[in-house]
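Each residue takes its place number in the sequence, starting with 1.
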Amino acid sequence: MLDRELVMYTRTTGCPFVTIAERVLREYNVPYREIYIDKDPIARQRVKAWTGFLSVPTLVVAEPGYILPIEEPEPLPEGMSPQGIDRGMMLTEPREPQLVAWLQKHEFIR
């Protein structure tokens, strides 16, 4: 059993990056918890602070039962989009190869 949990900050309305993440997680049978930023104002503020935008999905590696990253995410360069950037315990709006590599790095998939 892993000593970490995958948490995906998402929203209830459609998004191509969320669709990619859900498909990859389903294909690799990776369990995860969803936090909906359009239903939870604190989660919305948190994603905005982390990414500079309301970027979903924002995936984090958390301790079991928690929703914050185990470690503070690496900072983004000023004005840079968070899209697909591996920030250690956080990944936002990844394409499929970026997500698979990040999940492997954190041992959610082998």
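- Taking a 4.5 Å side-chain heavy-atom cut-off between Ile, Leu, Val, Met, Phe, Trp and Tyr, the cluster of I85 extends to L76, M80.
- With sequence neighbours left out, the salt bridge (charged side-chain N to carboxylate O under 4.0 Å, His left out) criterion links R44 to no other residue.
- With rounding to the nearest 0.5 Å, the separation of OG1 in T58 from CD1 in I35 is 12.0 Å.
- Both L99 and V30 are members of a single hydrophobic cluster when ILVMFWY side chains are connected at heavy-atom separations under 4.5 Å.
- Using a 4.5 Å cut-off on side-chain heavy atoms (C-beta onward), L103 and L25 make contact.
- Exactly one residue among P73, P75, P82 makes a side chain to side chain contact (heavy atoms under 4.5 Å, CB included) with W50. That residue is P73.
- Considering CD of E107 and CD of Q104, their distance stands at 11.0 Å, rounded to 0.5 Å.
- Between Y9 and A43, the shortest heavy-atom distance links the atoms CE2-CB, 3.9 Å.
- In this structure, W102 contributes its side chain and G88 its backbone to a donor-acceptor pair below 3.5 Å.
- In this structure, I20 is not a member of the same hydrophobic cluster as L54, with clusters built from ILVMFWY side-chain heavy atoms closer than 4.5 Å.
- What you find for I37 and R11 is that their closest heavy atoms are CG1-CB, 4.3 Å.
- Note on L59 and M90: separate hydrophobic clusters, where clusters join Ile, Leu, Val, Met, Phe, Trp and Tyr whose side-chain heavy atoms are under 4.5 Å apart, directly or indirectly.
- What you find for P69 and M89 is that their closest heavy atoms are CB-CB, 4.0 Å.
- Of all heavy-atom pairs between M8 and A21, the closest is SD-CB, 3.9 Å.
- Cluster membership check: V61 shares its hydrophobic cluster with Y32, using side-chain heavy-atom separations under 4.5 Å among Ile, Leu, Val, Met, Phe, Trp and Tyr.
- Here the CG-CD distance, from L6 to E34, works out to 10.0 Å after rounding to the nearest 0.5 Å.
- The distance from the CZ atom of F53 to the OG atom of S81 is 6.0 Å, given to the nearest 0.5 Å.
- Atoms NZ and OG1, from K39 and T10 in turn, are 10.5 Å apart once rounded to the nearest 0.5 Å.
- Exactly one of T13, V18, T12 qualifies for a side chain to side chain contact (heavy atoms under 4.5 Å, CB included) with C15. That residue is V18.
- Within 6.0 Å of CZ in R95 there are 12 or fewer heavy atoms belonging to other residues, nucleotides or ligands.
- Below 30°, between 30° and 60°, or above 60°: for H106 and F108 the angle between ring planes is between 30° and 60°, a tilted geometry.
- At a threshold of 4.5 Å between non-hydrogen side-chain atoms, the residues D40 and R46 do not count as touching.
- Tracing side-chain contacts under 4.5 Å through hydrophobic residues (I, L, V, M, F, W, Y), one reaches V100 starting from L91; they form part of the same cluster.
- Among pairs with a residue in residues 71-94, those fulfilling salt bridge (charged side-chain N to carboxylate O under 4.0 Å, His left out) read D86-K105, at least two apart in sequence or across chains.
- Between the Y66 side chain and the E5 main chain, no donor and acceptor come within less than 3.5 Å of each other.
- Of all non-hydrogen atoms in V7 and A62, the two that sit nearest each other are CG2-CB, 4.0 Å.
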